[in-house]
Amino acid sequence: QVQLVESGGGLVQAGDSLRLSCTVSGRAFTDYYIAWFRQTPGKEREFVAFRNRGGATIYTDSVKGRFTISRDNAKSTAYLQMNSLKPEDTAVYYCAADRRYLGSRNAYDYWGQGTQVTVSS
């Protein structure tokens, strides 16, 4: 069984930065692809970022140039660095893991509990 725990969310002002962390336990971290999604009330979960094992990344258009996904295999942790935050980035952010290459597809087997990010204007 794989467990994912996110941290790093909070309340910030527009233009500020946050770094979310996702620590994975239970299986070999390097076996898993990691992605980040976000969700606001009444809306479907939205893809944010993905990084494959070779380092190539995929981002949703609204965060390109502002967000960076990375991972530290030695710490079994993935990160989402969020810069120049905007009020529309307000959401619950989830990390997701799967051994399959899913990219932006919302079909990951394992999910964290989510961390709230609120950006005030």
Side-chain angles (χ1 to χ4, degrees):
Q1 187 70 15
V2 177
Q3 294 85 39
L4 286 70
V5 177
E6 300 104 335
S7 61
L11 171 63
V12 298
Q13 293 186 333
D16 286 351
S17 298
L18 278 176
R19 188 178 76 160
L20 305 183
S21 300
C22 173
T23 300
V24 180
S25 61
R27 289 290 187 271
F29 181 68
T30 52
D31 288 348
Y32 291 85
Y33 295 99
I34 302 292
W36 288 91
F37 290 77
R38 64 187 180 187
Q39 189 171 24
T40 54
K43 293 187 177 181
E44 293 188 356
R45 195 168 295 182
E46 172 193 26
F47 167 76
V48 176
F50 168 82
R51 184 181 186 277
N52 74 9
R53 293 171 183 167
T57 54
I58 305 171
Y59 297 95
T60 192
D61 286 346
S62 63
V63 308
K64 285 180 181 177
R66 299 188 299 122
F67 289 14
T68 303
I69 185 172
S70 62
R71 60 189 291 162
D72 185 337
N73 290 335
K75 295 182 178 180
S76 297
T77 300
Y79 303 97
L80 184 67
Q81 177 67 43
M82 307 185 294
N83 298 330
S84 302
L85 282 162
K86 304 175 180 180
E88 51 263 44
D89 294 319
T90 296
V92 177
Y93 283 72
Y94 299 88
C95 63
D98 203 292
R99 297 180 70 174
R100 301 168 292 171
Y101 185 106
L102 295 174
S104 61
R105 284 183 287 163
N106 190 358
Y108 286 74
D109 280 343
Y110 302 102
W111 294 84
Q113 81 287 354
T115 185
Q116 176 70 47
V117 172
T118 303
V119 185
S120 64
S121 58

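Bear in mind the structure is a predicted one, so any value in this text is a computation, not a measurement. Just so you know, residue 1 is the first one in the sequence shown, and it goes up from there.
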>> Once salt bridge (Lys or Arg N to Asp or Glu O under 4.0 Å) is applied, what residue pairs with a partner in residues 14-35 remain, sequence neighbours excluded?
In response: none
> Under a 4.5 Å cut-off applied to non-hydrogen side-chain atoms, are Thr40 and Thr90 in contact?
Replying inline: no
>> Test: disulfide bond (SG atoms under 2.5 Å apart). Region: residues 50-84. Which pairs qualify, not counting sequence neighbours?
In response: none
>> Filter on salt bridge (Lys or Arg N to Asp or Glu O under 4.0 Å), then keep only pairs touching residues 73-82, sequence neighbours left out; what's left?
In response: none
>> Please enumerate all residues that pass salt bridge (Lys or Arg N to Asp or Glu O under 4.0 Å) together with Lys64, with sequence neighbours excluded.
In response: Asp61
> Residues two or more places apart in sequence or in another chain: which of them pass salt bridge (Lys or Arg N to Asp or Glu O under 4.0 Å) with Asp109?
Replying inline: Arg100
> Could you go step by step and tell me if Phe29 and Ile34 meet the side-chain contact (heavy atoms from CB on, under 4.5 Å) rule?
Replying inline: CA-CA 9 Å; Phe29 181 68; Ile34 302 292; 4.1 Å; yes
>> Under the rule for side chain to side chain contact (heavy atoms under 4.5 Å, CB included), what residues qualify as partners of Ser121, not counting sequence neighbours?
In response: Pro87
> If you take all heavy atoms of Gly9 and Thr115, which pair is closest and at what distance?
Replying inline: N-OG1, 3.2 Å
> Are Tyr94 and Leu102 connected, step by step, through hydrophobic side chains (Ile, Leu, Val, Met, Phe, Trp, Tyr) whose heavy atoms are closer than 4.5 Å?
Replying inline: yes
> Which ILVMFWY residues can you reach from Leu85 by hopping between side chains whose heavy atoms are under 4.5 Å apart?
Replying inline: Val12, Leu18, Leu20, Trp36, Val48, Tyr59, Val63, Phe67, Ile69, Leu80, Met82, Tyr93, Val117, Val119
>> To check you understand the geometry: which heavy-atom pair defines the closest contact between Ser17 and Asn83, and what is its length?
In response: OG-OD1, 2.9 Å
> Do any pairs count as a ring-ring contact (aromatic ring centres under 6.0 Å, His included) and have a residue in residues 98-121, sequence neighbours left out, and if so which ones?
Replying inline: Tyr33-Tyr101, Phe37-Tyr108, Phe37-Trp111, Phe50-Tyr101
> Quick one: side chain to side chain contact (heavy atoms under 4.5 Å, CB included) partners of Gln113, sequence neighbours excluded?
Replying inline: Val5, Glu6
> What residues form a side chain to side chain donor-acceptor pair (under 3.5 Å) with Ser120, not counting sequence neighbours?
Replying inline: none
> Mind checking what makes side chain to side chain donor-acceptor pair (under 3.5 Å) contact with Thr23, not counting sequence neighbours?
Replying inline: Thr77
> Atom OG in Ser104, atom CD1 in Ile58: separation rounded to 0.5 Å?
Replying inline: 6.0 Å
> Which pairs, with at least one residue in residues 37-49 and sequence neighbours excluded, count as a salt bridge (Lys or Arg N to Asp or Glu O under 4.0 Å)?
Replying inline: Arg38-Glu46, Arg38-Asp89
